[in-house]
Amino acid sequence: MPLGKIIKLIKGGFKKQPSKSGNIPELSEAQASATSMPMSTELDETTSATVTENFSYLISSATASSTNEPLATISAIVSEGRNMINISMLQEELQNFVSGASEVQGAALVSPDGLALASVLPGGMDEERTAAMSASMLSLGERIGHELVRGVVERIVVEGEKGYGVLVNCGSDAVLLVLAGSVVKQGILFLEIKRAVAKLTPLLG
């Protein structure tokens, strides 16, 4: 066979030789990039859908119960945390009042039910008894003011040989009892108490 024909057959065989990837045609870089992107997008969408589905399940589970126990528990924790912060701030404000006001020996913030919310009392005084007596004294004073047609009672003052006990309303949720020495000037004492009530009342909201 002539040499020229042999060379032509060899060239023709190279042109007809299939690619290494079999029947799958080779793709350009741009086509390969475009082909791979949907796969990545599909994975991202699947992952996102899974996360969304799980999150929705948690929310629906929390609200599915007729008693709303999970949400009630969270609300109780938040409320408890808020109350703890308020009590701490009330105690701090009461301490500042007692230490900063002249001749003030002690103070107690009491609920209308006779429970102590915060107190800074002299040694030897029982907090629970003092709180209960303060609430009783306020209730009795308001009843007396009503019977005597004196209107709303602004303060109740107990004056003794060792000093004063002043009881005033601190908003609608508490009563402030202030103990002062006998040499205190009443005008200054009442002014200090008024300032203390203005600082304490917002903390009770």
Euclidean distance, I188 CD1 relative to I193 CD1, rounded to 0.5 Å: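 Atom-to-atom, I193:CD1 and I188:CD1 are 12.0 Å apart.
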
Quick one: NZ on K162 to CG on L179, what's the gap to the nearest 0.5 Å?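 Answer rounded to 0.5 Å: 12.5 Å.
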
Show me the donor-acceptor pairs within less than 3.5 Å that the side chains of residues 167-175 make with the rest of the protein, sequence neighbours left out.
none

Which residues, ordered by chain and number, are linked to L191 in its hydrophobic cluster, where ILVMFWY side chains connect at heavy-atom gaps below 4.5 Å, directly or through other members?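 Grouped by the 4.5 Å side-chain rule, L191 forms a cluster of one, so the answer is none.
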
Should [X] and [Y] be regarded as members of a common hydrophobic cluster, given that ILVMFWY residues are connected when their side-chain heavy atoms come within less than 4.5 Å of each other, either directly or indirectly?
X	Y	result
L176	F190	yes
V197	L200	yes
L177	V158	yes
V166	M137	no

Non-hydrogen side-chain atoms of V178 and F97 separated by less than 4.5 Å: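 Yes, their side chains come closer than 4.5 Å.
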
Heavy-atom pair of closest approach, residues A135 and G114: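 For A135 versus G114, the nearest heavy atoms are CB-CA, 3.6 Å.
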
Which donor-acceptor pairs under 3.5 Å do side chains of residues 144-156 form with protein atoms, sequence neighbours excluded?
from : atom 1 : to   : atom 2 : distance (Å)
R150 : NE     : L148 : O      : 2.9
R150 : NH2    : L148 : O      : 3.4

Show which side-chain atoms of residues 100-111 pair as donor or acceptor with protein atoms under 3.5 Å away, not counting sequence neighbours.
from : atom 1 : to   : atom 2 : distance (Å)
S111 : OG     : D113 : N      : 3.4
S111 : OG     : L115 : N      : 3.1
S111 : OG     : L115 : O      : 3.3

Quick test of your reading: applying side chain to side chain donor-acceptor pair (under 3.5 Å), list the pairs with at least one residue in residues 181-195, sequence neighbours left out, ordered by first then second residue.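 Passing the test, one end in residues 181-195: Y164-Q186.
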
Show every donor-acceptor pair shorter than 3.5 Å between a side-chain atom in residues 117-126 and any protein atom, with sequence neighbours excluded, or say none if there are none.
from : atom 1 : to   : atom 2 : distance (Å)
S119 : OG     : E127 : OE2    : 2.3
D126 : OD2    : E128 : N      : 3.1
D126 : OD2    : R129 : N      : 2.8

Which residues pass the side chain to side chain donor-acceptor pair (under 3.5 Å) test with Q91, not counting sequence neighbours?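 With neighbours one apart ignored, the set is empty.
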
